[in-house]
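Written below as structure tokens is the structure these notes are about.
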There are 2 protein chains.
Amino acid sequence: MRQATIRDVAREANVSVASVSRTINGHSNVNPATRERVLAAVRALGYVPNAAARSLSMALSHTIGVVVPDLHGEFFSELIRGMDTAASATGYHLLLSTMHADLEEARHAIAAMNGRVDGLIVMATQAQPEELDALLPASIPAVLLNCADGGGRPVFTIDDRAGAAAIAAHFAALGKRNILHIMGPESNNDARDRRKGFEEELKRLAPSAKLTVVPGNYQEEAGRAAVRDMLNSGNKVDAIFAANDMMALGAMQELRTNALDVPGDVVVAGFDDIPLAGFLGLTTMRVHMDQLGAQAVECLTRLLEGKGGEERVRLVPDLVIRASTEKPQ
Amino acid sequence: MRQATIRDVAREANVSVASVSRTINGHSNVNPATRERVLAAVRALGYVPNAAARSLSMALSHTIGVVVPDLHGEFFSELIRGMDTAASATGYHLLLSTMHADLEEARHAIAAMNGRVDGLIVMATQAQPEELDALLPASIPAVLLNCADGGGRPVFTIDDRAGAAAIAAHFAALGKRNILHIMGPESNNDARDRRKGFEEELKRLAPSAKLTVVPGNYQEEAGRAAVRDMLNSGNKVDAIFAANDMMALGAMQELRTNALDVPGDVVVAGFDDIPLAGFLGLTTMRVHMDQLGAQAVECLTRLLEGKGGEERVRLVPDLVIRASTEKPQ
DNA sequence: CTGAAAGCGCTTACAG
DNA sequence: CTGAAAGCGCTTACAG
């Protein structure tokens, strides 16, 4: 069955399409009697305005285009969920595309969004400012996620350095002085920032502490291997910070397998706060991806309403202390 | 900067908009020289067609509207991810809305999609067929998820009964005869189906087995409580099936706390295969929400292309045997 | 192979 | 308060 259009309603109510439009949109300059006739016709025909036609006419879609590398895992689902919450709270919708870390795909996705969105939220982590300029249409505002440099556009990021620094402060407060850091992949921005933030804060708060950094790959086994190597080398470590929870959990298990007590002999901390961390009592940094998504949407809607928007927001993760470290005194 | 339109391109290339349109859309009836001039103008102006205008003109958006109750948790994120994979493989986009189990919100979301989507995928689990008829526009096809009755529309569901039956068969094959089922909330469709499927298959394969069913609420603590009650009552159970993984994990922990061996004394199985289940070695049913989403999208695109579509697909979960039950002989 | 024109379903000055 | 008309940016018969 064909959807009724505004003309069908106008005919049914014996008025012009202009009057139907005014009634639908709640304009005040409509005679009450006319309004009633129109509303009756709307009900009778089950009329629902065509949003695409309205967008075209008003050059406004009340839709936000979202382009992310992937949709895999809690990280992205929380991000999208936060965006959805903030968007629907302000009457916006979400048009979703994945780009698989491929700028060509991103270009395609953004082209397909032209005319259907009022603004964009794009996570193109590795993109350079010039690439972003080529990618993003100059005609609509865009907010970036986890980009090093947005080339003047608002950027929202998780503050990895501040997060890692919080772990360093926690270790320092516990009096730990022989510390192992299991790094994430060297090629990974977050991994580098976590290491840097941890190292700098530790140096600042506990200059006498000894820090050993070993490579890792974010997998559980890397955490286990780091502990085995440590034990073999005879290095007397009293605290371990792994760049993510999976490696921290691997380290924790391996310590216990070797009859070391956590947190009695060695305290362990991770990063991300995956569900397993809560279940197994791992101290970690909780990353609020939903808040990041929500804030990005709010920034974009402010831009769309011409109310400006922050330049760069770094969302600091929360330290969640659990049984794998002691509570500070 | 204003986006260039097809008229700008036509002027720049000194042709009519019709020729620009034909070139853009790869029609064959364009003189090569004209085509080149047009393409040059497109490049020069950075022209990108307005997708909303095209949709309106062609009455085709190549977009699928997705309405789900929520975006929380792995369940939904996997569903959306599966949809995205299938959609982008066939050149479709996803317009996303959440309805929070509220039919009025769903109506609103669907109204906002009118004219912007070619079809709908809706998860309105509790909706009756008449409510669905009132909710869904007759003008475009819709595919339903996890609905008991789609009122003639295609419905895609997880086959909870078959999944639970697989656990029953597993227990029967292991020779278990004194069995406890920890149910999910009575009000929950899935929970009821899981119980029913388990009970029927057990009766069929092991008529002599004794089955005790106790209530639960999908929380870890309900699993623990069920085990405590069982131990207090002196009931000699040799197998436990919990309606979801969290309760199964609670039960497993509580058994071990009480010096019972899993799977030696009691085998335990859950449902869902959450990440924790893998980490802690819980036997469970793996639910492929991504496949469900992908199949729903494929069904809908087939409908859109007039190629019909299945009426009702029940996706059977996979039995994943881990250390919490023995391997069958 | 090409262009002028109508049409997709809306909104909004403009004139009355 | 109301309607005829132009316009949003496209596509597509139609005529040439």
Side-chain angles (χ1 to χ4, degrees), chain A residues 2-39 41-42 45-63 111-118 137 139-140, chain B residues 2-39 41-42 45-63 111-118 137 139-140:
Chain A
R2 187 181 130 268
Q3 259 287 3
T5 74
I6 198 172
R7 295 171 88 106
D8 300 320
V9 176
R11 191 178 320 113
E12 174 86 7
N14 235 302
V15 298
S16 71
V17 294
S19 288
V20 178
S21 177
R22 291 188 194 106
T23 309
I24 296 294
N25 293 298
H27 292 191
S28 56
N29 51 347
V30 183
N31 182 300
T34 308
R35 173 186 309 279
E36 279 318 310
R37 282 219 310 290
V38 170
L39 292 178
V42 165
L45 300 176
Y47 171 68
V48 179
N50 182 310
R54 187 182 290 204
S55 290
L56 181 60
S57 183
M58 303 182 67
L60 218 60
S61 65
H62 277 284
T63 301
M113 286 175 170
N114 182 29
R116 328 175 86 171
V117 303
D118 298 335
S139 49
I140 60 173
Chain B
R2 191 180 126 268
Q3 260 287 6
T5 74
I6 197 173
R7 295 172 86 105
D8 299 322
V9 176
R11 191 179 319 115
E12 174 86 9
N14 236 303
V15 297
S16 71
V17 294
S19 289
V20 177
S21 177
R22 292 189 193 103
T23 308
I24 296 296
N25 293 298
H27 292 191
S28 57
N29 51 348
V30 183
N31 182 300
T34 309
R35 173 185 309 278
E36 279 318 312
R37 282 220 309 290
V38 169
L39 291 178
V42 165
L45 300 175
Y47 171 68
V48 180
N50 182 310
R54 186 182 291 204
S55 290
L56 182 59
S57 182
M58 303 182 68
L60 219 60
S61 64
H62 277 283
T63 300
M113 287 175 169
N114 181 30
R116 329 175 84 168
V117 303
D118 297 337
S139 49
I140 59 172

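First the proteins, then the strands, lettered A, B, ... as listed; each starts at 1. Predicted model only: the values in this text are computed from it and were never measured.
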Using the C1' atom in both, what is the distance from D/dG16 to D/dT12, to the nearest Å? 16 Å
Rounded to the nearest Å, what distance is computed from the NE2 atom of residue A/H62 to the P atom of nucleotide C/dT11? 12 Å
What is the nucleic acid contact for B/N50, judged by heavy atoms within less than 4.0 Å: base, sugar-phosphate only, or nothing? sugar-phosphate
Considering only heavy atoms from C-beta outward, does the side chain of B/N114 approach that of B/P137 to under 4.5 Å? no
Under 4.0 angstrom, heavy atoms only, what part of the nucleic acid is A/R7 near: base, sugar-phosphate, or nothing? nothing
Could you check whether A/T34 gets within reach of a base, just the sugar-phosphate, or nothing at all, counting any heavy atom under 4.0 Å? sugar-phosphate
Evaluate the side-chain proximity of B/T63 to A/R116: yes if any heavy-atom separation is below 4.5 Å, no if none is. yes
Of B/H27 and A/V15, the one whose nearest nucleotide on DNA chain D sits closer to the 5' end is A/V15
What nucleic acid atoms does B/S21 come within less than 4.0 Å of, heavy atoms only: base, sugar-phosphate, or nothing? base
Test item: B/N25 side-chain N/O and B/H27 main-chain N/O as donor-acceptor pair under 3.5 Å: no
Within the structure shown, what part of the strands sits under 4.0 Å from B/A59 by heavy-atom distance: base, sugar-phosphate, or nothing? nothing
Backbone of B/A51 reached by a side-chain donor or acceptor of B/S55 within 3.5 Å: yes
Which nucleotide, in any strand shown, forms a Watson-Crick or G-U wobble pair with C/dA4, with both distances under 3.5 Å? none
